Amino acid sequence: MTDDRRPTHDERAYRDARRAAVREHHPDAGGDADVLMRVLADIDRRFGVGGERPRSARPVDVVVVTSTPRRVLRLVRRAGKALPRRRTYVDITSPPRP
């Protein structure tokens, strides 16, 4: 019996090959974006991954990305603002004279 979720390629070698290609050809590192895309497609073909990605029928105007940690931090900050603040009172009167 085979596991459908199990990859048919060596995942670590695939990841390492992609990372090496990005380090070498990424535009932020002085490479060319077109060359990077061709190299990544070649790596995908070599490892039997992917293929043509499906494209949506209409363009997307806005993409909203949410992450759980940011939501949690927002809730914690909001809860912290609702808590009573500690106040420190200082007596500013002059000391009694002898």
Side-chain angles (χ1 to χ4, degrees):
M1 181 171 190
T2 62
D3 187 4
D4 292 337
R5 295 174 308 187
R6 190 171 183 164
T8 58
H9 60 278
D10 182 11
E11 208 167 306
R12 174 166 280 183
Y14 172 69
R15 186 181 65 221
D16 291 345
R18 285 184 63 90
R19 285 183 179 176
V22 169
R23 275 194 301 270
E24 185 177 342
H25 299 291
H26 197 277
D28 290 345
D32 184 20
D34 294 329
V35 173
L36 175 63
M37 296 309 289
R38 277 185 297 207
V39 170
L40 290 177
D42 181 47
I43 291 170
D44 288 346
R45 271 193 304 277
R46 251 191 308 152
F47 284 93
V49 176
E52 187 64 30
R53 292 185 178 162
R55 298 187 183 200
S56 61
R58 60 176 207 254
V60 177
D61 292 332
V62 177
V63 176
V64 178
V65 179
T66 60
S67 64
T68 303
R70 184 170 290 181
R71 256 185 286 154
V72 170
L73 286 175
R74 191 177 307 132
L75 289 173
V76 169
R77 284 188 200 118
R78 197 173 294 156
K81 289 179 182 178
L83 295 174
R85 301 282 186 228
R86 176 186 291 192
R87 291 182 175 88
T88 305
Y89 295 99
V90 178
D91 187 13
I92 58 171
T93 60
S94 59
R97 292 184 183 182

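Computed from a prediction, not measured in an experiment: that's the story for all the values here.
- The shortest non-hydrogen separation linking D44 to R18 is OD1-NH1, 3.0 Å.
- Nearest approach of A17 to F47, heavy atoms of both residues: CB-CE1, 4.1 Å.
- Atom CZ of R19 is separated from atom CD1 of I43 by 12.5 Å, given to the nearest 0.5 angstrom.
- With a 4.5 Å cut-off on side-chain heavy atoms, V22 and L40 count as touching.
- For D16, the side chain to side chain contact (heavy atoms under 4.5 Å, CB included) criterion is met by R12, not counting sequence neighbours.
- Remark: D34 pairs with D32, R38 by the side chain to side chain contact (heavy atoms under 4.5 Å, CB included) rule, at least two apart or across chains.
- V35 and H25 get closest at one heavy-atom pair: CG1-ND1, 3.6 Å.
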